[in-house]
J.: 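Quick one: this structure, given as structure tokens, is what I'll be asking you about.
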Amino acid sequence: MTRTTRRFAGWMIAALTLGGSLVSPVLAADSDGPDVGEGAAPKIQLAILLDTSGSMSGLINQARAQLWKIVNEFATARRDGREPRLEVALYEYGNSGLAADTGWIRQIVPLTDDLDKVSEALFALSTNGGDEYCGQVIDAAVRELAWSKGDRDLKCIFIAGNEPFTQGPVDYHQACQAAVKKGITVSTIHCGPHETGVQTGWQDGAMLADGSFMSIDQNQAVAEIPAPQDKELAELSSKLNATYVVFGDVRAREAAATNQGVQDANAASVAGAVAATRALTKASNQYLCPGWDLCDALRLKKVKLEDLKEDELPEELRKMKLEERKAYIARKQQERDELQSKIRELGDARSKFLAEARRQQAEAGGGNALEDAIIKSVRRQAGRQQYSFAN
């Protein structure tokens, strides 16, 4: 098992990443709220299959760093003028610490719009040697995940690794053909020489499932360009957390609220630029927490305030009358809207700064070929489903 598969993690999240930094407002001044709700918004579903065999920590770090870029790119997508809802799933394969009878495959996170859960899972990944069965993990993702039945929703699998695509008990031809029947594309990234990927089935797998084939250099690092706005964006991101009003089961809501701060810290531990990019995500419609935040839950009509039991409310609301509770939540929402507006303004300035920095980097012969390749791949697939992007 060569360890080039570590590149995959970076690729996978890069795949999700799409490298964008623009975000759309969660609530514009003249808006009634985000375009969400069952049957309301189109979907973009991404399953990321990470080879965690051997020493792929560098690639995993890329994935951690690029998750929020991915989300921000999708925040600029539109189909028929509507913003899609993004769902992400994570699998790992090729790790000998997993059960042999599963083919050393594990579903880490099912398709979810809980982005903090995805980030948490990425930061918990570890590596170990093992056998890499591409066909079997693709088959598992196709069968196990709750894929949309909408013909126009974008459904993508991204898989990366370095061993022959032909390994394992499941024929990759059958797995890729099963994906196509469900309208799922499979894009592959071979971690090593391009010709080796062609010879060992990686290109063929992508062609079978209408995806893209890419090869990457395992030693290529993703350079995060620091921007003058990064520090203030991270500070505003932290302030946003105080506008969330937790409700529901005590342990579950406390865990969710705590995890929000933990993922802020995880992003900051990678780079200041990553923390800034996460802040932009938190100012977008792709970051919603109706499962534990009353502001989002009420706006999305997931709950009725008057139906909640007292022990489902935070301490500060329990002694209030219903109208006082509504006023309190409205104030928190206003605070959030103002903070998100500031984040978006800074994000616009940051985007202009980074665009110029990347232009100069490209002229100097630098740049991130991996990120460029994935952006083109996902945008091409999205274009076939009538999605458009703001930039």
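The structure presented is a predicted model; accordingly, all values stated were derived computationally and were not measured.
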J.: I need the minimum non-hydrogen distance between Lys332 and Ala242, along with the two atoms involved.
T.: NZ-O, 3.1 Å
J.: Mind checking whether Leu280 and Leu233 have side chains closer than 4.5 Å, heavy atoms only?
T.: yes
J.: Cys176 pairs by side-chain contact (heavy atoms from CB on, under 4.5 Å) with which of Leu208, Thr188, Val142?
T.: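 Among Leu208, Thr188, Val142, the one that satisfies the side-chain contact (heavy atoms from CB on, under 4.5 Å) with Cys176 is Leu208.
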J.: Check Ser53 against Gly94 and note the closest heavy-atom contact, atom names and distance.
T.: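 Shortest heavy-atom contact: CB-O, 2.8 Å.
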J.: Does the Lys155 side chain pair with the main chain of Gly150, one donor and one acceptor, at a distance under 3.5 Å?
T.: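 Yes; judged by distance alone, with no hydrogens or angles, the pair exists.
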J.: My understanding is that only residues two or more places apart in sequence, or in another chain, count here; which of them pass side chain to side chain donor-acceptor pair (under 3.5 Å) with Glu306?
T.: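 Expected list: none.
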J.: Does the side chain to side chain contact (heavy atoms under 4.5 Å, CB included) test come out yes or no for Trp202 and Thr196, once each step is laid out?
T.: CA-CA 9 Å; Trp202 286 85; Thr196 302; over 6 Å; no
J.: Tracing side-chain links under 4.5 Å among I, L, V, M, F, W and Y, which residues wind up in one group with Val180?
T.: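 None; Val180 is a cluster of one.
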J.: With side chains defined as the heavy atoms from C-beta onward, is the minimum distance between Thr243 and Cys295 less than 4.5 Å?
T.: no
J.: Heavy-atom distance under 4.5 Å between the side chains of Asp337 and Gln340, does that happen here?
T.: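 Answer yes - side chains close enough.
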J.: Given a cutoff of under 4.5 Å between side-chain heavy atoms of I, L, V, M, F, W and Y, with clusters grown through shared members, what are the other residues clustered with Ile329?
T.: Val245, Phe247, Leu294, Leu298, Val303, Leu305, Leu308, Leu313, Leu317, Met320, Leu322, Tyr328
J.: By the rule that ILVMFWY residues connect when side-chain heavy atoms come within less than 4.5 angstrom, directly or transitively, which residues belong alongside Val262?
T.: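 Besides Val262, the cluster holds no residue at all.
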J.: Could you give all pairs that pass the salt bridge (charged side-chain N to carboxylate O under 4.0 Å, His left out) test and reach residues 187-214, with sequence neighbours left out?
T.: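 Those involving residues 187-214 are Asp210-Arg384.
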J.: Among residues at least two apart in sequence or on other chains, which ones pass ring-ring contact (aromatic ring centres under 6.0 Å, His included) with Phe353?
T.: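 For Phe353 there are no ring-ring contact (aromatic ring centres under 6.0 Å, His included) partners, ignoring immediate neighbours.
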J.: Taking only residues two or more places apart in sequence or in another chain, which ones pass ring-ring contact (aromatic ring centres under 6.0 Å, His included) with His194?
T.: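 Scan of His194 (ring-ring contact (aromatic ring centres under 6.0 Å, His included), adjacent residues dropped) gives Phe213.
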J.: Would you confirm whether Ser351, through its side chain, and Gly347, through its main-chain N or O, come within 3.5 Å as a donor-acceptor pair?
T.: yes
J.: To the closest 0.5 Å, what do you measure between CG (Asn95) and CD1 (Ile105)?
T.: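 One finds 11.5 Å between CG of Asn95 and CD1 of Ile105.
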J.: For Ala349 and Gln229, which heavy atoms make the closest approach, and how far apart are they?
T.: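 Ala349 and Gln229 have their closest heavy atoms at CB-NE2, 3.7 Å.
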J.: Taking atom types as modelled, find out whether Asn266 and Gln263 have a side-chain donor-acceptor pair closer than 3.5 angstrom.
T.: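 Checked: Asn266/Gln263 side chains pair up, N/O donor to acceptor below 3.5 Å.
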J.: Using 0.5 Å steps for rounding, measure from the CG atom of Leu49 to the OH atom of Tyr91.
T.: 8.0 Å
J.: Mark yes when over 12 heavy atoms from residues, nucleotides or ligands other than Lys231 sit less than 6.0 Å from its NZ; otherwise mark no.
T.: no
J.: Side-chain contact test, heavy atoms from C-beta onward, threshold under 4.5 Å: evaluate it for Tyr387 versus Asp153 and give yes or no.
T.: yes
J.: Quick test of your reading: applying ring-ring contact (aromatic ring centres under 6.0 Å, His included), list the pairs with at least one residue in residues 122-157, sequence neighbours left out, ordered by first then second residue.
T.: Trp104-Tyr133
J.: Any salt bridge between Glu345 and Lys342, counting N to O under 4.0 Å?
T.: no
J.: Just verifying a value: how many Å separate Leu86 CG and Thr112 OG1, rounded to the nearest 0.5 Å?
T.: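 Result: 10.0 Å between the selected atoms.
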J.: Any carboxylate oxygen within less than 4.0 angstrom of a Lys/Arg side-chain nitrogen, looking at Lys326 and Glu323?
T.: yes
J.: Under 4.5 Å between any side-chain heavy atoms of Ile138 and Tyr172, yes or no?
T.: no
J.: When rounded to the nearest 0.5 angstrom, what distance separates CD in Glu335 from CG in Leu240?
T.: 10.5 Å
J.: Can you list every salt bridge (charged side-chain N to carboxylate O under 4.0 Å, His left out) pair that touches residues 104-115, not counting sequence neighbours?
T.: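 Found Arg85-Asp113, Glu92-Arg106.
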J.: Using the rule given for side chain to side chain contact (heavy atoms under 4.5 Å, CB included), can you reason through Glu83 versus Gln286, listing the C-alpha separation, both sets of side-chain angles and the distance that settles it, and then say yes or no?
T.: CA-CA 9 Å; Glu83 181 177 0; Gln286 298 299 344; 3.6 Å; yes
J.: Taking the side chain as every heavy atom from C-beta outward, state whether Val137 and Glu132 have any pair of such atoms under 4.5 Å apart.
T.: no
J.: Given 3.5 Å as the limit, does a donor-acceptor pair link the side chain of Gln385 with the main chain of Asp151, or not?
T.: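 Yes.
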J.: How many angstroms lie between CD in Gln174 and CG in Asp139, if you round to the nearest 0.5 Å?
T.: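 Output value for this atom pair is 8.5 Å.
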J.: Could you walk me through whether Asn72 and Thr277 pass the side chain to side chain contact (heavy atoms under 4.5 Å, CB included) test, one step at a time?
T.: CA-CA 8 Å; Asn72 293 345; Thr277 306; 3.3 Å; yes
J.: Quick one: list whatever passes side-chain contact (heavy atoms from CB on, under 4.5 Å) with Ser126, sequence neighbours left out.
T.: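 Ser126 satisfies side-chain contact (heavy atoms from CB on, under 4.5 Å) with no other residue.
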J.: Can you tell if the side chain of Leu125 reaches within under 4.5 Å of the side chain of Leu90, non-hydrogen atoms only?
T.: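 Side chain of Leu125 against side chain of Leu90, heavy atoms only: no contact under 4.5 Å found.
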J.: Between His190 and Met214, is a side chain to side chain contact (heavy atoms under 4.5 Å, CB included) present by the stated rule, with each step listed?
T.: CA-CA 6 Å; His190 177 254; Met214 294 158 277; over 6 Å; no
J.: Is Lys302 salt-bridged to Asp296, going by a charged N under 4.0 Å from an acidic O?
T.: no
J.: Shortest non-hydrogen contact from Tyr287 to Thr281?
T.: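 Scanning both residues completely, I find the closest heavy atoms to be CB-O, 3.3 Å.
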J.: Is there a side-chain contact between Gln381 and Ser187 in this structure, where contact means two heavy atoms from C-beta onward sitting under 4.5 Å apart?
T.: yes
J.: With sequence neighbours excluded, what pairs up with Trp292 under the ring-ring contact (aromatic ring centres under 6.0 Å, His included) test?
T.: Tyr244
J.: Do Asp171 side-chain atoms and His173 backbone N/O form a donor-acceptor pair below 3.5 Å?
T.: yes
J.: What is the minimum heavy-atom distance between Ala227 and Arg350, and which atoms define it?
T.: CB-CG, 3.8 Å
J.: Quick check: closest heavy atoms across Gln45 and Ser148, and the distance to 0.1 Å?
T.: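 Minimum heavy-atom contact is OE1-N, 2.9 Å.
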J.: Any salt bridge (charged side-chain N to carboxylate O under 4.0 Å, His left out) pairs touching residues 253-266, not counting sequence neighbours?
T.: Asp264-Arg278, Asp264-Lys282
